[in-house]
There are 2 protein chains.
Amino acid sequence: MAWELKSDRPIYTQLTEQIELMIFSGVYPLGSKLPSVRDMAQEAAVNPNTMQKALVKLEEDSLIITHRTSGRTITEDARIVEMAKTKLAQKQILAFLEKMQLMGFEQKEIISIINTMVEEMQK
Amino acid sequence: MAWELKSDRPIYTQLTEQIELMIFSGVYPLGSKLPSVRDMAQEAAVNPNTMQKALVKLEEDSLIITHRTSGRTITEDARIVEMAKTKLAQKQILAFLEKMQLMGFEQKEIISIINTMVEEMQK
DNA sequence: ATTATTGTATTAAGTGCTTAATACAATAAT
DNA sequence: ATTATTGTATTAAGCACTTAATACAATAAT
């Protein structure tokens with residue numbers, strides 16, 4: 001895993017987001033076991049407390065389940081993951097479109113730019 | 001102006017971004033005068049020091065020009081604004097597409113979702 | 001000439017984030 | 001039975017961000 005941690009906002013927030021993405025994309029499959037807090041912290045070159053803080057949010061969202069002495073696992077419930085994924089996607093798209101509109105781009109313009117960039121990414 | 005200031009990242013960063021958007025969209029036209037630091041700070045319900053900090057970044061990017069005792073103005077150079085706008089747009093799009101891909105969406109899927117949402121926004 | 005306004009700088013205080021160093025209880029592993 | 005591993009909690013320190021309260025020099029406005 002390539003952790004991308006910038007200093008322009010809290011690290012634990014970024015960790016939460018990136019772990020969430022790994023759950024959505026199946027890097028951590030349903031029901032699979034997460035590494036220990038200490039191991040994940042070391043992997044991300046971060047203090048255990050910070051990683052702990054990052055994981056709490058995912059528990060609140062029921063994406064992961066904590067077993068006091070045997071670690072954490074990803075939820076077995078596919079619906080929970082799917083719903084969270086859809087919710088995040090819509091949030092992303094909305095935020096993106098709003099920002100582009102604030103910049104002064106027309107809607108048709110936005111779509112055409114995206115089409116162009118997607119084509120470029122496929123190369 | 002409706003300032004949207006959240007507590008999940010530095011306020012001065014958010015101010016910089018939002019003022020930049022106002023320049024891009026023409027809320028502050030080329031060559032126009034910005035309100036004083038104190039006035040802008042009050043408008044955004046923020047400390048003058050924080051607004052000051054937000055403006056420094058825009059000066060570094062040559063989007064605004066500071067006149068020591070008569071305030072600040074937007075650059076007269078349309079190219080500077082246009083280039084910054086294009087640069088930000090590409091950055092936004094790239095970040096968006098990357099995140100959607102990390103979530104596991106296919107490229108065709110992304111385009112179709114966007115088309116749907118843009119149509120909805122037009123209503 | 002006087003006053004008001006401009007950007008800028010400084011200091012002190014409070015807050016949240018991050019790290020480091022520990023420690024504890026529960027339980028899995030041996 | 002003993003040891004190792006688990007999540008969790010605490011304390012102290014350093015740091016950046018934010019606010020509040022001032023202050024200053026330059027110059028625009030009167």
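Quick note: numbers below take in every heavy atom, side chains included, and nothing from hydrogens, waters or symmetry partners. On a predicted model such as this, the values are computed, not experimentally measured, just so you know. Chain identifiers are assigned alphabetically (A, B, ...) following the order of the sequence lines, protein sequences preceding nucleic acid strands; residue numbering begins at 1 within each chain.
- For M51(A) and dT18(C), the CE to P distance is 11 Å, given to the nearest whole Å.
- In this structure, T66(A) does not reach the dG7(D) phosphate: none of its side-chain N or O atoms is under 4.0 Å from OP1 or OP2.
- To the nearest 0.5 angstrom, M100(A) atom CE is 11.0 Å from L21(B) atom CG.
- Of the charged side-chain nitrogens involved, none lies within less than 4.0 Å of a carboxylate oxygen, so that K6(B) and D8(B) do not count as a salt-bridged pair.
- When Watson-Crick and G-U wobble pairs are counted only if both distances are under 3.5 Å, dT15(C) pairs with dA16(D).
- Atom P of nucleotide dT18(C) and atom NZ of K6(A) are separated by 16 Å, given to the nearest angstrom.
- Taking atom CG of L34(B) as the reference point, atom C1' of dT6(C) lies 13 Å away to the nearest angstrom.
- Residue pairs satisfying the ring pair (Phe, Tyr, Trp, His ring centres under 6.0 Å) criterion with at least one member in residues 83-105 of chain A, sequence neighbours excluded, are listed as follows: F96(A)-F96(B).
- Note: NZ (K33(B)) to P (dT5(C)) measures 12 Å, nearest angstrom.
- Base-pair partner of dA26(D): dT5(C) (Watson-Crick or G-U wobble, both distances under 3.5 Å).
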Base, backbone or nothing for each nucleotide of nucleotides 14-30 of chain D, written B, S, -, heavy atoms under 4.0 angstrom, 5' to 3'?
---SSBBB-B--BSS--

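- Of the charged side-chain nitrogens involved, at least one lies within less than 4.0 Å of a carboxylate oxygen, so that E17(B) and R9(B) count as a salt-bridged pair.
- Put simply, the side chain of L5(B) reaches to within 4.5 Å of the side chain of L15(B), judged on heavy atoms.
- Across the protein-nucleic acid pair, I64(B) atom CD1 and dT6(C) atom P stand 15 Å apart, rounded to whole Å.
- Whole-Å rounding puts the M40(B) CE to dG7(C) C1' distance at 14 Å.
- Ionic pairing of R72(B) and E59(B) is present here: one or more N-O contacts between side-chain nitrogen and carboxylate oxygen are shorter than 4.0 angstrom.
- Put simply, CD on Q52(B) is 15 Å from C1' on dT5(C), counting in whole angstrom units.
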